[in-house]
Number of protein chains: 2
Amino acid sequence: MKNRLKELRGEKGWSQQALADHLDVSRQTINALETGKYDPSLPLAFKIGRLFGQPIETIFDDGEGV
Amino acid sequence: MKNRLKELRGEKGWSQQALADHLDVSRQTINALETGKYDPSLPLAFKIGRLFGQPIETIFDDGEGV
DNA sequence: TCATAACGTAAAGCACACTTTACAAGAAGG
DNA sequence: CCTTCTTGTAAAGTGTGCTTTACGTTATGA
């Protein structure tokens, strides 16, 4: 699943650690999400959507775009 | 995390097994989601949103409604 | 040159997401 | 009564999501 985390983080001028702090997760989790190692849990996806003020669907893309 | 799965399934007149078939998961997974045993993965949440034609946020509610 | 910040990555460990098989019980109809 | 459908639940097994600790690299600046 692709995502725009790195891009959105860049717009805020935040480091991975800063974003991790805002989301209450570890820096390694942010890095793993940005580098596509795995997808976030649904609760974490909700937090991310709220933090950036966007629907989950505009941040994450699972490719089934028919 | 609360969800409206049972309600939406009811509108379609589907059994848990029928919904499971539409989503390519086991009936037990549907039952676990409806009875709140755990939350779906993000990819499954995307599938559910597409199946019912709604954003993930209108089907699932993680309570941080501030 | 030395220190610090930022990023990528790895390993070990715990909890969760999902599977298959299986059993019990209520509803509905023959 | 008997069967069938539907739902709830359990146990064991596999893979994922996230953690902590830790190391190597690159860039920056005093």
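What you see is a predicted model; the values in this text were computed from it and never measured. Chain letters run A, B, ... following the sequence lines, proteins first and then strands; every chain starts at 1.
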Using a cut-off of strictly less than 4.0 Å, decide whether [X] has a side-chain nitrogen or oxygen near OP1 or OP2 of [N].
X: A:Arg9; N: C:dA6; result: no
X: A:Gln17; N: C:dC7; result: no
X: A:Lys6; N: C:dA6; result: no

* Structure fact -> side-chain hydrogen bond (donor to acceptor under 3.5 Å, both in side chains) with A:Asn31: of A:Lys6, A:Gln17, A:Gln16, only one passes, and it is A:Gln16

Distance, rounded to the nearest Å, where [X] contributes [atom1] and [N] contributes [atom2]:
X: B:Leu5; N: D:dT7; atom1: CG; atom2: C1'; value: 15 Å
X: A:Leu19; N: C:dG8; atom1: CG; atom2: P; value: 13 Å
X: B:Asn31; N: D:dA10; atom1: CG; atom2: P; value: 11 Å
X: B:Asp21; N: D:dC5; atom1: CG; atom2: P; value: 14 Å
X: A:Lys47; N: D:dG17; atom1: NZ; atom2: P; value: 17 Å

Working to the nearest 0.5 angstrom, can you tell me the gap between [X] [atom1] and [Y] [atom2]?
X: A:Arg27; Y: A:Asp21; atom1: CZ; atom2: CG; result: 11.5 Å
X: B:Phe52; Y: B:Arg9; atom1: CZ; atom2: CZ; result: 8.5 Å
X: A:Leu5; Y: A:Ile30; atom1: CG; atom2: CD1; result: 6.5 Å
X: A:Asp62; Y: A:Asn3; atom1: CG; atom2: CG; result: 12.0 Å

* Could you tell me how the ring of A:His22 sits relative to the ring of A:Trp14: parallel (under 30°), tilted (30 to 60°) or perpendicular (over 60°)? => parallel

* Asked: Can you give one letter per nucleotide of nucleotides 16-30 of chain C, 5' to 3': B if a protein heavy atom sits under 4.0 Å from the base, S if only from the sugar-phosphate, - if neither?
  -> -SBBBBB--------

